[in-house]
Undergrad: 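I have a structure I would like to understand better, so I am pasting it below and will then ask my questions one at a time.
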Amino acid sequence: MKLRLRRRRFGQLIILGVVATTVGEFTKKVIAQTNPKPTSPTPAGLAGDSVAVMLRVNGKSYPLQIEPRVTLLDALRERIGLTGSKKGCDRGQCGACTVLIDGRRINSCLTLAIMHEGDEITTIEGLARGEELHPLQAAFIKHDGFQCGYCTPGQIMSAVGLLAEGCPSSDEGIRECMSGNICRCGAYPGIVAAVQEVREMKA
Ligand code: FES
Ligand code: FES
């Protein structure tokens with residue numbers, strides 16, 4: 001009697017196992033059909049996405065094949081090799097990437113390279129005339145307008161733009177006009193003195 005019961009119990013377990021396996025397979029199929037595997041999107045940045053762009057930088061033309069998402073800063077640094085413009089925050093907060101576009105200053109990390117075909121782009125590398133420094137470069141050295149120097153290219157480019165824009169001539173006005181350029185070393189007194197000196201030379 002006991003043996004028959006055990007056999008019956010054993011049979012029940014086998015049936016339960018088969019049913020569970022079948023239900024499990026069925027459930028997997030239903031889930032697979034209702035949630036098809038996502039097809040991997042083509043990541044932007046593959047060679048197939050690139051477009052031809054001609055950038056004019058510091059008086060020279062640079063034909064580039066770049067992805068539309070590439071920022072002007074990355075195009076300058078990574079594609080053209082002009083690493084003077086610095087990447088500080090990469091989000092428009094520090095001003096280390098400042099360059100001039102047709103004479104106006106811009107954060108190159110916030111704009112796409114493809115938007116500037118035909119524009120005249122000036123970076124820190126384009127300021128000196130051979131061995132002769134731009135007056136602002138010389139003034140930054142004279143007035144100790146930097147310590148580590150990381151923010152300095154952006155500060156100088158911003159100052160060049162500022163002088164062309166016509167900023168108020170007071171120290172306060174210059175600080176306000178340069179407020180988009182952060183210096184972690186706190187070299188602000190020297191920066192303002194350098195800008196003032198060149199502003200007075202031009203006045
Ligand atoms: Fe462009 Fe900081 S790197 S604003
Ligand atoms: Fe170092 Fe400005 S000189 S961050």
Side-chain angles (χ1 to χ4, degrees), residues 44-45 51 53 55-58 60 62 64 66-128 133-168 170-199:
V51 293
V53 182
L55 293 184
R56 282 278 302 165
V57 188
N58 302 330
K60 285 190 198 159
Y62 294 91
L64 301 176
I66 54 174
E67 301 84 34
R69 65 174 181 169
V70 171
T71 64
L72 179 57
L73 178 61
D74 283 342
L76 290 170
R77 289 179 55 85
E78 313 295 337
R79 311 299 170 99
I80 298 178
L82 295 173
T83 54
S85 307
K86 298 293 183 244
K87 187 181 278 192
C89 63
D90 209 19
R91 56 180 63 185
Q93 291 175 347
C94 72
C97 63
T98 306
V99 300
L100 302 182
I101 303 284
D102 295 331
R104 293 189 66 80
R105 47 194 173 153
I106 189 170
N107 288 334
S108 60
C109 70
L110 286 187
T111 189
L112 298 175
I114 57 169
M115 294 164 66
H116 297 288
E117 198 163 39
D119 291 347
E120 202 58 54
I121 301 161
T122 309
T123 68
I124 189 73
E125 291 91 344
L127 287 191
L133 293 179
H134 185 282
L136 271 164
Q137 291 174 308
F140 264 66
I141 294 171
K142 178 179 166 188
H143 292 281
D144 277 337
F146 57 91
Q147 286 180 36
C148 77
Y150 197 79
C151 73
T152 312
Q155 300 278 3
I156 292 176
M157 295 313 293
S158 195
V160 173
L162 169 160
L163 292 176
E165 286 163 22
C167 180
S170 63
D171 285 3
E172 200 49 48
I174 287 173
R175 277 195 204 98
E176 178 60 32
C177 290
M178 294 284 290
S179 60
N181 291 81
I182 307 299
C183 176
R184 283 176 172 251
C185 299
Y188 296 112
I191 292 171
V192 173
V195 176
Q196 283 291 29
E197 179 177 300
V198 178
R199 189 189 60 73

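Counting starts at 1 for both ligands and their atoms, in listed order.
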Undergrad: What protein heavy atom sits nearest atom 3 (S) of ligand 2, and how far away is it?
TA: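 That would be Gln147 N, 3.1 Å.
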
Undergrad: Shorter than 2.5 angstrom, is that how the SG atoms of Cys167 and Cys177 come out?
TA: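 Answer is yes, sulfur atoms closer than 2.5 Å.
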
Undergrad: Which of the numbered atoms in ligand 1 are below 4.0 angstrom from a heavy atom of Gly92?
TA: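 Answer, ordered by atom number: 4 (S).
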
Undergrad: Does Cys183 put an N, O or S atom under 2.8 Å from atom 2 (Fe) of ligand 2?
TA: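 Checking atom 2 (Fe) of ligand 2 against Cys183, an N, O or S atom does fall under 2.8 Å.
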
Undergrad: Given Gln93 and Ile182, is the side-chain contact (heavy atoms from CB on, under 4.5 Å) satisfied, shown in steps?
TA: CA-CA 8 Å; Gln93 291 175 347; Ile182 307 299; over 6 Å; no

Undergrad: When you measure from atom 1 (Fe) of ligand 2 to the N, O or S atoms of Cys151, does any of those distances fall below 2.8 Å?
TA: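 Checking Cys151: none of its N, O or S atoms is under 2.8 Å.
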
Undergrad: I'd like to know whether ligand 2 has Gly149 as a neighbour, heavy-atom separation below 4.0 Å.
TA: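 The answer is yes: ligand 2 sits under 4.0 Å from a heavy atom of Gly149.
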
Undergrad: Using a 4.0 Å cutoff against the non-hydrogen atoms of Gly95, which atoms of ligand 1 qualify?
TA: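 Reading through ligand 1 atom by atom, the close ones are 2 (Fe), 4 (S).
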
Undergrad: With backbone taken as N, CA, C and O and side chain as the heavy atoms from C-beta onward, which portion of Ala187 lies under 4.0 Å from ligand 2: side chain, backbone, both, or neither?
TA: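 Near ligand 2, Ala187 shows nothing, with every heavy atom at 4.0 Å or more.
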
Undergrad: What atoms of ligand 1 come closer than 4.0 angstrom to any heavy atom of Asp90?
TA: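 In order of numbering, the contacting atoms are 2 (Fe), 3 (S).
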
Undergrad: Are any of the side-chain heavy atoms of Phe146 and Gln155 separated by less than 4.5 Å?
TA: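 No, side chains not in contact.
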
Undergrad: To the nearest 0.5 Å, what is the distance between CG (Leu82) and NZ (Lys60)?
TA: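 Spacing of CG (Leu82) from NZ (Lys60) equals 8.0 Å.
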
Undergrad: Heavy-atom contacts with Cys109 under 4.0 Å: which atoms of ligand 1 show up? List them by number with element.
TA: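 Close to Cys109: 1 (Fe), 3 (S), 4 (S).
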
Undergrad: With side-chain contact (heavy atoms from CB on, under 4.5 Å) as the test, would you mind laying out the steps for Gln137 and Ile124 before giving the verdict?
TA: CA-CA 9 Å; Gln137 291 174 308; Ile124 189 73; 3.9 Å; yes

Undergrad: Within the 4.0 Å heavy-atom shell around Gly88, which atoms of ligand 1 are there?
TA: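 Answer, ordered by atom number: 3 (S).
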
Undergrad: Rounded to the nearest 10 degrees, what's the angle SG of Cys94 makes with SG of Cys89 at atom 2 (Fe) of ligand 1? Could you check?
TA: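 Vertex atom 2 (Fe) of ligand 1, arms to SG of Cys94 and SG of Cys89: 110°.
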
Undergrad: Using a 4.5 Å cut-off on heavy atoms from C-beta on, say whether the side chain of Val57 contacts that of Val99.
TA: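 No. Closest side-chain heavy atoms not under 4.5 Å.
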
Undergrad: Hey, does the side chain of Asp119 reach the backbone of Ile101 with a donor-acceptor pair shorter than 3.5 angstrom?
TA: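 Answer holds: no.
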
Undergrad: Suppose I only count heavy atoms of Cys97 and a 4.0 Å limit; which atoms of ligand 1 are within that range?
TA: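 What qualifies from ligand 1 is 1 (Fe), 3 (S), 4 (S).
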
Undergrad: State whether Cys185 contributes an N/O/S atom found under 2.8 Å from atom 1 (Fe) of ligand 2.
TA: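 Of the N, O and S atoms in Cys185, at least one lies under 2.8 Å from atom 1 (Fe) of ligand 2, which means yes.
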
Undergrad: With heavy atoms of Gln93 as the reference, note each atom of ligand 1 found under 4.0 Å away.
TA: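 Answer, ordered by atom number: 4 (S).
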
Undergrad: With no hydrogens and no angle check, is any side-chain donor or acceptor of Tyr150 less than 3.5 Å from a backbone partner on Lys87?
TA: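 Yes.
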
Undergrad: Please state which protein non-hydrogen atom is closest to atom 4 (S) of ligand 2 and give its distance, to 0.1 Å?
TA: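 Closest protein heavy atom to atom 4 (S) of ligand 2: Arg184 N, 3.3 Å.
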
Undergrad: Give a yes or no answer on whether the side chain of Ser179 reaches the backbone of Glu176 with a donor-acceptor pair at less than 3.5 Å.
TA: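 Looks like yes, one N/O pair under 3.5 Å.
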
Undergrad: Has Arg77 got a side-chain atom pairing as donor or acceptor with Ser85's backbone, closer than 3.5 angstrom?
TA: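 Yes, because the side chain of Arg77 sits within donor-acceptor range (under 3.5 Å) of the backbone of Ser85.
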
